[in-house]
Amino acid sequence: MSFPLLTVTAALPALGAVATAAVPAARRTAAKWLALVVSLATLALAITVLVRFDPGGARYQLTESHAWIADFGVRYELGVDGIGVALVALTALLIPFIVLAGWHDADPLETGSRRWRPTQGFFALILAVEAMVVLSFEATDVFLFYIFFEAMLIPMYFLIGGFGDRAHEHGEETASTQRSYAAVKFLLYNLVGGLIMLAAVIGLYVVAGNFSLQEIAHARATGSLHMATGTERWLFLGFFFAFAVKAPLWPLHTWLPNAMQESTAPVAVLITAVVDKVGTFAMLRFCLGLFPEASKWATPVILVLALISILYGALLAVGQRDIKRLVAYASISHFGFIIMGIFAMTSQGQSGATLYMVNHGLSTAALLLVVGFLISRRGSRLIADYGGVQKVAPVLAGTFLIGGLATLSLPGLAPFVSEFLVLVGTFTRYPAIGIVATLGIVLAALYVLVLYQRTMTGPVKPQVSAMPDLRVRELVVVAPLIALLIFLGVYPKPVTDIVNPAVKQTMSDVHKKDPKPEVEAAK
């Protein structure tokens, strides 16, 4: 039997989480270093997966399949396609930066506080989330995917509710209440989505007789499995609802601003750059792969919802007073672009959407982590409490600017390529949607540049006059992310070469071809 590389890639952070939690309470620093070493080792394994993956080979590679619950047709099946391997690599890349950025976020509070922050638990929960997300990207058994899709909610609940942002203007007691509210709202929204998906998973088993993604897809392709139109549409809606909550898509998005506002900056990155990608990834793998006809049936409504997400998120970002809520609404707008690219049903749109998942992860991580460093210095999330930072902390301001410019998809930075592909792919099939969606770009420039102007330029406010610039640890966190944003903005080919074959397979699943140009070439 070949080496189970995918299992080990997910098992290592899971075992690391247990080991980190078991470190004695007095040895907080040892727990931090253990979590960092485990995350780096997981990154090395993810790079090995990436290197061994052959874009021109079989659709699912490095596959593993073992009987698990045989009486119910449940198997332990793993495999990665180009989209999955890119997101596994993104997850493994971001976790070490999240660990480093949150190095002091779970240290004990000052003497006299009633709350004790267990450092070991904080880093153990981060590793646990990594393990479950990686398994979600690898699972090719629908029931196995569902288990980890839901299980990741538990550590995320404790990360949001138990390790919130210390910068709060209303005092510790109010902050604790708001953290609890955000954590419960996150959990309830996602649990409801998961329960509806569970009903659809059971329905899929009743129709197909098993949970294997590959077997069901093969049966549909050969005609040995036929779903009634109504059945397929109901099952599709059950899956899509859960993924739209996770993504999040308007109007199921309202948990995200609360969760990101009350979380520490590294946990906010974990939410929007890592966990939420499971939702958009699953739309490609499960919604389009299992229910192609229903996906095409629902496309017009989903595109309208995605367009609303783009404009609604951007408009609300413009009016925010809280920096992290601004980034949260910006992310809702960006997820609208991703979902629009997926359901445009063109190769450019889906390639752009997949590339957008990777690039959004990098750009949001860069911006949010710098925002976290900024907030930790001033002790406030309010935009009005800043001003003139670039004069006292120019490196911090410079990295903040690059992260912001990436968020607005400036040409030369990675998100531009993906956003351009999404818009082109949408316009070729749905020109009206594509044209209106470009307003999101204009609004993004507005909220990012206004944010920079209000926080970084102008007179230096007395409260920031002594603000230190980025330290070595913080530079180690931010510099590689910015380097990747620039590199992939100039040369996105390494990622597109991996994802494009998987996109072609997805287009084949839904029996769609790119529309031909309506204007004939000049003679």
Side-chain angles (χ1 to χ4, degrees), residues 101 165-169 257 260-261 264-265 268-269 272 313-334 359-360 362-416 419 439-475 477-479 481-483 485-486 489:
D165 195 345
R166 296 179 181 181
H168 205 288
E169 64 271 21
M260 287 183 63
Q261 178 184 15
T264 64
V269 171
T272 190
L315 283 169
L316 264 66
V318 172
Q320 290 305 307
R321 297 169 54 247
D322 184 297
I323 302 177
K324 287 203 289 187
R325 285 186 74 89
L326 186 152
V327 179
Y329 281 110
S331 289
I332 291 169
S333 180
H334 295 149
N359 292 337
H360 174 264
L362 297 174
S363 63
T364 300
L367 180 60
L368 261 177
L369 293 178
V370 176
V371 165
F373 299 148
L374 181 70
I375 292 172
S376 67
R377 285 159 165 75
R378 173 66 178 83
S380 173
R381 301 190 303 250
L382 298 179
I383 297 172
D385 289 341
Y386 296 88
V389 174
Q390 68 180 13
K391 296 178 182 177
V392 297
V395 178
L396 189 155
T399 53
F400 186 96
L401 178 61
I402 295 174
L405 293 177
T407 298
L408 65 82
S409 300
L410 183 77
L413 296 173
F416 169 76
E419 197 165 280
L439 292 174
I441 302 174
V442 178
L443 293 171
L446 180 61
Y447 62 69
V448 168
L449 296 178
V450 169
L451 172 65
Y452 185 84
Q453 178 192 32
R454 291 178 178 175
T455 56
M456 300 294 159
T457 66
V460 179
K461 291 199 172 183
Q463 296 86 347
V464 304
S465 59
M467 180 178 290
D469 215 333
L470 291 184
R471 304 178 179 92
V472 173
R473 172 179 61 86
E474 296 165 337
L475 282 171
V477 170
V478 176
L481 294 173
I482 289 178
L485 287 171
I486 296 172

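Everything numeric in this text was worked out from a predicted model, so none of it was measured. What you see below is based on every heavy atom in this structure, not just the backbone, and it leaves out hydrogens, waters and symmetry mates.
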Novice: Any side-chain heavy atom of Arg377 within less than 4.5 Å of one from Leu396?
Specialist: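 With C-beta onward as the side chain, the pair touches.
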Novice: Answer yes or no: is there a donor N or O on one side and an acceptor on the other, between the side chain of Lys461 and the main chain of Ala384, under 3.5 Å?
Specialist: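 Side chain of Lys461 to backbone of Ala384: a pair is present.
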Novice: Using atom types as modelled and distance alone, determine if a side-chain donor or acceptor of Tyr386 lies under 3.5 Å from a backbone N or O of Ser380.
Specialist: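 Pair found, side chain donor or acceptor close to backbone of Ser380.
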Novice: For side-chain hydrogen bond (donor to acceptor under 3.5 Å, both in side chains), just list the numbers for Gln320 and Tyr447, CA-CA rounded to whole Å, side-chain angles, deciding distance to a tenth of an Å, and then say yes or no.
Specialist: CA-CA 9 Å; Gln320 290 305 307; Tyr447 62 69; over 6 Å; no
Novice: Distance from Leu413 atom CG to Ile486 atom CD1, nearest 0.5 Å?
Specialist: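 So the CG of Leu413 and the CD1 of Ile486 are separated by 6.5 Å.
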Novice: Which is it for Ile375 and Lys324 under the side-chain contact (heavy atoms from CB on, under 4.5 Å) test, yes or no, and what are the steps along the way?
Specialist: CA-CA 10 Å; Ile375 292 172; Lys324 287 203 289 187; 4.0 Å; yes
Novice: Does a side-chain heavy-atom distance below 4.5 Å link Leu374 with Met456?
Specialist: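 Yes; the side chains approach each other to less than 4.5 Å.
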Novice: Is a donor from one side chain sitting under 3.5 angstrom from an acceptor on the other, for Thr272 and Thr364?
Specialist: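 No - no donor-acceptor pair under 3.5 Å links their side chains.
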Novice: In Å, rounded to the nearest 0.5 Å, how long is the span from OH of Tyr452 to CD1 of Ile383?
Specialist: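 The OH atom of Tyr452 sits 14.5 Å away from the CD1 atom of Ile383.
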Novice: When rounded to the nearest 0.5 angstrom, what distance separates CG in Leu401 from CG in Leu367?
Specialist: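 Leu401 atom CG to Leu367 atom CG measures 10.5 Å (nearest 0.5 Å).
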Novice: Determine whether more than 12 heavy atoms belonging to other residues, nucleotides or ligands lie under 6.0 Å from atom CZ of Arg454.
Specialist: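 It does not: Arg454 CZ has 12 such atoms or fewer within range.
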Novice: Do Leu369 and Leu481 make a side-chain contact, defined as non-hydrogen atoms from C-beta onward lying under 4.5 Å apart?
Specialist: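 Yes, at least one pair of side-chain atoms sits under 4.5 Å.
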Novice: Report the distance from atom CG of Leu485 to atom CG of Leu405, rounding to the nearest 0.5 Å.
Specialist: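 If we round to the nearest 0.5 Å, Leu485:CG and Leu405:CG are 10.5 Å apart.
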Novice: Would you say that Val318 contacts Val450 through its side chain, given a criterion of any heavy-atom pair below 4.5 Å between the two side chains?
Specialist: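 Not in contact.
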Novice: Just say parallel, tilted or perpendicular for the rings of His360 and His334, cut-offs at 30° and 60°.
Specialist: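 Taking His334 first and then His360, their aromatic rings stand perpendicular (interplane angle over 60°).
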Novice: State whether the side chain of Ser333 and the backbone N or O of Tyr329 hold a donor-acceptor pair below 3.5 Å, judged by distance alone.
Specialist: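 It does not hold such a pair.
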Novice: Would you please test Phe400 and Val371 for side-chain contact (heavy atoms from CB on, under 4.5 Å) and show each step?
Specialist: CA-CA 7 Å; Phe400 186 96; Val371 165; 3.6 Å; yes
